[in-house]
Amino acid sequence: MSSITVTVIDREGNRTEGVDWKSHESLMEALTRHKYPILATCGGNASCSTCHSYLDPASFAKSGEIGDEEEDLLDMLDDTRHETSRLSCQVEWAEDLDGAEVTIAPEW
Ligand code: FES
């Protein structure tokens, strides 16, 4: 099994480097395994938006396509949606995302 590491900034602004992300996990699954307070109420189906996170711009560009369901949900977030917003349950592991910086979006 492969694994990469990312930097995570939590809702209090605490920054942790070297957070491992295993190849069988979505980004949301890696974050919840590390006990970040993401509810993931929908279980990773792009329908709750509690896993909303921001990526650094370079990683965002490498994070794959935003699907229609994700786009619709991000659209409803208005204020908290940024240019690099993703639903972390829809971000698949990729070697290219090694070193990404992930900021957990505010709760709404
Ligand atoms: S876990 Fe519900 S949208 Fe990602």
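Start at 1 and go down the list; that is how both ligands and their atoms are numbered.
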- Message: Donor-acceptor check, side chain of S88 to backbone of L27, threshold 3.5 angstrom: yes or no?
- Response: no

- Query: Any chance CD of E69 has more than 12 other-residue heavy atoms, nucleotides or ligands included, within less than 6.0 Å?
  - Reply: no

- Shell of protein N/O/S atoms around atom 4 (Fe) of ligand 1, taken as anything under 2.8 Å: C51 SG, C89 SG

- Restricting to pairs with a member in residues 54-79, which pass ring pair (Phe, Tyr, Trp, His ring centres under 6.0 Å), not counting sequence neighbours? H52-Y54, Y54-H82

- Mind checking what makes salt bridge (charged side-chain N to carboxylate O under 4.0 Å, His left out) contact with K22, not counting sequence neighbours? D20

- Message: So, using side chain to side chain contact (heavy atoms under 4.5 Å, CB included) as the criterion, who are the partners of E95 when residues are at least two apart?
- Response: W93

- Please check if the side chain of Q90 supplies one atom and the backbone of G44 the other of a donor-acceptor pair under 3.5 Å. yes

